Amino acid sequence: MTTLKRLNHPDDDGPDLAPAQCAAMLPRLEAILDQLQPDDSDPALRRRIEDVSQLITVLQFCVDKDVELIFG
């Protein structure tokens with residue numbers, strides 16, 4: 001839940017996200033990704049960058065298809 005709080009997503013009854021919530025998170029995630037500087041000597045940072053990029057792809061898919069993102 002810490003990540004969601006950092007993305008300005010209020011805690012609610014469950015971790016699932018509606019398409020509108022996914023759309024609201026996208027600009028912040030993209031800004032975070034833009035701020036990260038890949039460092040070839042830091043595999044953990046590279047992995048984090050890949051994770052953020054993949055999450056953006058999933059959130060964008062949910063928005064484009066107008067489907068809920070269900071965790072679990």
Side-chain angles (χ1 to χ4, degrees):
M1 286 297 189
T2 303
T3 302
L4 294 177
K5 288 180 184 177
R6 285 188 194 146
L7 296 171
N8 298 322
H9 178 270
D11 291 334
D12 56 14
D13 293 58
D16 301 339
L17 299 174
Q21 293 170 304
C22 293
M25 292 171 58
L26 279 170
R28 180 65 181 128
L29 279 173
E30 290 166 342
I32 290 169
L33 189 61
D34 288 344
Q35 291 176 2
L36 295 174
Q37 300 297 321
D39 180 355
D40 290 337
S41 65
D42 188 350
L45 179 58
R46 281 196 321 264
R47 181 66 192 153
R48 296 272 190 271
I49 291 170
E50 289 173 21
D51 291 344
V52 171
S53 180
Q54 289 176 6
L55 180 56
I56 289 170
T57 300
V58 170
L59 292 174
Q60 189 62 57
F61 177 85
C62 292
V63 171
D64 292 346
K65 299 295 182 180
D66 196 31
V67 296
E68 187 176 43
L69 178 58
I70 299 174
F71 296 91

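Everything numeric here is computed off the predicted structure, so don't read it as measured data. The basis for the numbers below is simple: all heavy atoms, side chains too, and nothing from hydrogens, waters or symmetry mates.
Phe61 and Leu17 end up in different hydrophobic clusters when Ile, Leu, Val, Met, Phe, Trp and Tyr side chains are linked at under 4.5 Å. Residue Val58 is grouped with residue Leu33 when hydrophobic side chains (ILVMFWY) are merged at heavy-atom distances under 4.5 angstrom, including chains of intermediate members.
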Report task. Starting from the C-alpha separation in whole Å, work towards a yes-or-no answer on salt bridge (Lys or Arg N to Asp or Glu O under 4.0 Å) for Arg46 and Asp42. Result -> CA-CA 6 Å; Arg46 281 196 321 264; Asp42 188 350; over 6 Å; no
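Here the straight-line distance linking atom CG of Leu59 with atom CD of Gln21 works out to 10.5 Å at 0.5 Å rounding. A distance of 10.0 Å separates CD1 in Ile56 from CE in Met25, rounded to the nearest 0.5 Å. Atoms CD1 and CD1, on Ile32 and Ile49 in that order, are 12.0 Å from each other to the nearest 0.5 Å. Of the inter-residue distances, the one linking Leu29 atom CG with Ser53 atom OG reads 10.5 Å to the nearest 0.5 angstrom.
Nearest heavy atoms, Cys62 versus Cys22: CB-SG, 4.0 Å. Scanning both residues, Pro27 and Ala23, for their nearest heavy atoms gives CD-O, 3.2 Å.
Residue pairs that meet the side chain to side chain donor-acceptor pair (under 3.5 Å) test with at least one member in residues 63-72, sequence neighbours left out, are Gln60-Asp64.
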